[in-house]
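Reviewing the structure listed below.
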Amino acid sequence: MSAVVVTREPPIAVVRLNRPEVLNALSEELMDELVSALEALGDDGGIRCIVVTGNEKAFAAGADIKTAFVEATPVTMLERDLTTRWERIRRIRTPIIAAVSGYALGGGCELAMVCDIIVASESAQFGQPEVNLGIIPGAGGTQRLTRTVGKYVAMELILTGRRIKADEAKAIGLVAHVYPQSTYLDDAKALARTIAEKPPIAVRLATEAIDLALNSGLDAGLEFERKAFYLLFATEDKKEGVDAFVNKRKPVFKGR
Ligand code: CAA
């Protein structure tokens, strides 16, 4: 059975983590399948937004502790080259929404954070519990959580390993929407379809500009934003969007 299940519903696609017996623990096989699936969808011109999800009980409970950590040494960890997989996900330019229900812990929370938007069901629980294993987050948690929620909240969460529920995650800015348990995946897909209807080049450049806000100083970010803004005036989709507004009709964007 595949560790990742892909459903194409153009213009969106859903990628479901599929190791329910271990709460979708992120084995190397799962991560390899996930990266390949996301890259293939990223290269697929018919797909304009991707939803990554798990099941109701678990988005992902983190690294596979039993297979990956028991015998691990610094050298085996180094040889696994875990960083490359996460970087490959980060480089995908099609927007990715993490639809989290149940546990998003450790690497699971980090997987949600490497996506572009996080939405949650009412049962979602986020946390970085690595400290309880004698380690620290190793897939971006100390950096992305801090840049998202600020130093003092990130410190408290990472130093205690405390789990937070969906409402608290929303309050600290980790989650964009909390949806009812019974509809969260449909709601995430509706959000993906809304984004998929927008002009793809504008969506891509907005994504890059927002990412740059976390990765650069203000001046470099503003410089990129200004150039991207001007560049979009050369697109057919800009003509279409402005014409549709002026003529009071719905725009149809083509990604040109
Ligand atoms: N790795 C491997 N197996 C896991 C797992 C994980 N991260 N999380 C859960 N499982 C397994 C359990 O061992 C159990 O398997 P068995 O039935 O064979 O015993 C099965 O999934 C169900 O789990 P529980 O019985 O524990 O379920 P629960 O509802 O009682 O508890 C839980 C759920 C609170 C999430 C608990 O499973 C838990 O604490 N899991 C570990 C969470 C964690 O520490 N994650 C961080 C990992 S480190 C990391 O991710 C590093 C990084 O930065 C990349």
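Read the numbers this way: they start at 1 and go in the same order the structure lists the ligands and their atoms.
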Is the closest side-chain donor-acceptor distance between Q181 and S121 under 3.5 Å? yes

When you check the gap from the basic side-chain N to the acidic O, do K239 and E236 get nearer than 4.0 Å?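 Answer for the salt bridge query: no.
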
Partner of E240 under salt bridge (charged side-chain N to carboxylate O under 4.0 Å, His left out), picked from R249, R256, K254, is R249

Q128 side chain to P137 backbone, donor-acceptor under 3.5 Å: no

Do T76 side-chain atoms and A72 backbone N/O form a donor-acceptor pair below 3.5 Å? no

Residues lining ligand 1 [heavy-atom distance under 4.0 Å, listed by chain and residue number]: E21, V22, L23, A25, K57, A61, G62, A63, D64, I65, K66, F69, Y103, L105, G106, G107, E110, P129, E130, L133, P137, G138, A139, R163

Using 30° and 60° as the class boundaries, would you call the ring planes of H177 and Y179 parallel, tilted or perpendicular? parallel

